[in-house]
Trainee: 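Have a look at this one before I ask anything.
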Amino acid sequence: MGPPRDSSEASRLGKATKRPASGIAPTGDMKRIGRVRSSMIYQYDGSFDGLLCCVFESVARKEVPEGVYGPGHFQMSMFETRTIETDPIHARRVLASIPKKMGREALDFVRKAFLTCLPEKERHIVLFLRMGYEYGSKVMRMLADDVVNTLFKAVKHLEGEAHLLTGFIRFSIHDKALVAQITPKNYVLPILAPHFRGRYPDENFLIYDKTHGDVLVYEHKKTQVFSVERFALPDPDEEERRFRALWRMFYETIAVPGRENPRCRMAQMPKRYWENMTEFAVEKDVLVRQAAPPANASSAGKRGLPKGSVF
């Protein structure tokens, strides 16, 4: 089964060593990863600390796992499975070793990589850190390597999506709080939190990530992110509907019909974001009126203004 967790190999985390203990060649040659190519599947609790413990296990046992999976992501395999318990001491040792060996930039990079939607991101992160222990800070420049290149693309996608959402999020007011819903591919709430905290420091706001079932709450100058099993945004009141109609009217008014370019709009504002944007959403009551318009319907629906709106 290999050496115990407190072996001399694991104790070298965070200490300088002349002999490469692990890593991957810049060409992606799998022969140089670790001392032993293991046919082992790691299972962990899905937390960042749990993933760091997987790194500790990989170094301690001088093996590279065939796969690393969190809860709900495990796939049937012929390989043996080992459950990696989250040990705070091991996690802290690995966490402290990353900036010491590879620089602060590498630690920030790994944290962001953990938030991406990259398939098998955990195994890529383990391989990246094993490389970092061998090559040091140079690992951040090894873009010709498949592992490093794949992680860089995933992090770029995460940062791009978070940047777009800082402009695409549409808040509504419910009970004197700003509320919004998003459906991102990546787990962007930790990245969005400091932006909106600085943008609305005196407001209370909530952002619901429908994709991952988590909620970001900023209340009384404190930020929390927690999971929810069921969450539904309340229906807008009359005042909120009027403001939404005003925003849609403004959007339609400033448009120049002769310069419409749907392809350019979808390139700058991907269509998958539209469902949560006020200018593209259609209220439920508007759909009802459109299906069965009243006999005395007026021209109030011009310029995108819902019929029956009062200002």
Side-chain angles (χ1 to χ4, degrees), residues 161-184 188-189 191-257 260 265-266 268-311:
E161 185 174 48
H163 173 71
L164 290 176
L165 284 171
T166 59
F168 292 164
I169 285 182
R170 300 292 182 259
F171 285 101
S172 299
I173 298 179
H174 297 285
D175 294 330
K176 299 181 180 180
L178 302 177
V179 180
Q181 176 177 288
I182 58 175
T183 51
V188 296
L189 289 183
I191 299 179
L192 294 176
H195 171 83
F196 287 104
R197 191 169 57 233
R199 188 172 173 182
Y200 303 119
D202 299 322
E203 300 285 349
N204 295 328
F205 63 81
L206 179 150
I207 302 176
Y208 172 51
D209 183 344
K210 187 177 180 181
T211 305
H212 302 93
D214 282 6
V215 174
L216 166 66
V217 176
Y218 177 73
E219 186 177 17
H220 305 309
K221 308 289 185 178
K222 295 182 180 180
T223 306
Q224 296 183 27
V225 178
F226 53 88
S227 299
V228 292
E229 293 185 2
R230 294 181 181 179
F231 184 88
L233 295 177
D235 292 331
D237 57 20
E238 188 62 30
E239 183 180 19
E240 175 63 27
R241 284 197 293 268
R242 288 201 299 269
F243 275 105
R244 292 184 182 185
L246 276 173
W247 176 254
R248 282 191 288 269
M249 183 176 68
F250 168 76
Y251 181 81
E252 295 290 339
T253 301
I254 64 173
V256 180
E260 287 186 0
R265 180 174 66 172
M266 284 189 289
Q268 301 296 324
M269 185 185 294
K271 204 167 184 178
R272 66 187 179 92
Y273 297 101
W274 292 10
E275 64 175 298
N276 299 311
M277 301 181 69
T278 306
E279 50 266 48
F280 299 109
V282 181
E283 304 293 349
K284 296 178 182 178
D285 59 337
V286 175
L287 291 175
V288 173
R289 284 197 292 270
Q290 288 177 346
N296 60 348
S298 64
S299 60
K302 294 181 179 179
R303 292 182 179 270
L305 186 65
K307 298 178 181 180
S309 299
V310 179
F311 297 96

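All residue numbers refer to positions in the sequence shown, counting from 1.
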Trainee: Provide the closest heavy-atom pair for P184 versus D209 in the form atom of the first, atom of the second, distance.
Mentor: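 Closest approach of P184 to D209, heavy atoms only: CD-OD1, 3.2 Å.
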Trainee: With a 4.5 Å limit on heavy-atom distance, are the side chains of Y273 and E161 in contact?
Mentor: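 The answer is yes; the side chains approach within 4.5 Å.
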Trainee: Please name the residue in the list Y251, F168, W247 that meets the ring-ring contact (aromatic ring centres under 6.0 Å, His included) test with F280.
Mentor: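 Of Y251, F168, W247, ring-ring contact (aromatic ring centres under 6.0 Å, His included) with F280 is met by Y251 alone.
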Trainee: For L206, is the CG atom crowded, meaning more than 12 foreign heavy atoms sit under 6.0 Å from it?
Mentor: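 Yes, CG of L206 has more than 12 neighbouring heavy atoms, counting only those of other groups under 6.0 Å.
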Trainee: So does R241 pair up with E238, basic N to acidic O under 4.0 Å?
Mentor: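 Yes, this pair counts.
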Trainee: Between L189 and I182, is there a side-chain heavy-atom distance shorter than 4.5 Å?
Mentor: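 SC-SC contact between I182 and L189 confirmed.
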Trainee: Hey, are the side chains of F171 and F205 touching, using non-hydrogen atoms and a 4.5 Å cut-off?
Mentor: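 Yes, their side chains come closer than 4.5 Å.
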Trainee: If you define the side chain from C-beta out and look only at heavy atoms, does anything of F250 sit under 4.5 Å from E279?
Mentor: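 In short, these two side chains do not touch, never coming nearer than 4.5 Å.
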Trainee: Taking everything shown except K221 itself, do over 12 heavy atoms lie less than 6.0 Å from its NZ?
Mentor: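 More than 12 heavy atoms, drawn from other residues, nucleotides or ligands, come within 6.0 Å of this atom.
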Trainee: Look at atom NE2 of H195 and say whether more than 12 heavy atoms of other residues, nucleotides or ligands are closer to it than 6.0 Å.
Mentor: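 Counting neighbours around NE2 of H195, more than 12 heavy atoms of other residues, nucleotides or ligands fall under 6.0 Å, so yes.
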Trainee: Before accepting this row, confirm whether a basic side-chain N of the pair E240/R244 lies closer than 4.0 Å to the acidic partner's carboxylate O.
Mentor: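 Salt bridge: yes.
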Trainee: The criterion is side-chain contact (heavy atoms from CB on, under 4.5 Å); which residues satisfy it with N276, sequence neighbours excluded?
Mentor: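 Per chain and number, N276 pairs via side-chain contact (heavy atoms from CB on, under 4.5 Å) with Q181, T183.
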Trainee: Is any side-chain heavy atom of L178 closer than 4.5 Å to one of Y218?
Mentor: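 Side chain of Y218 against side chain of L178, heavy atoms only: no contact under 4.5 Å found.
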Trainee: May I ask you to test the T223-L216 pair for a side-chain heavy-atom distance under 4.5 Å?
Mentor: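 Sidechains of L216 and T223: in contact.
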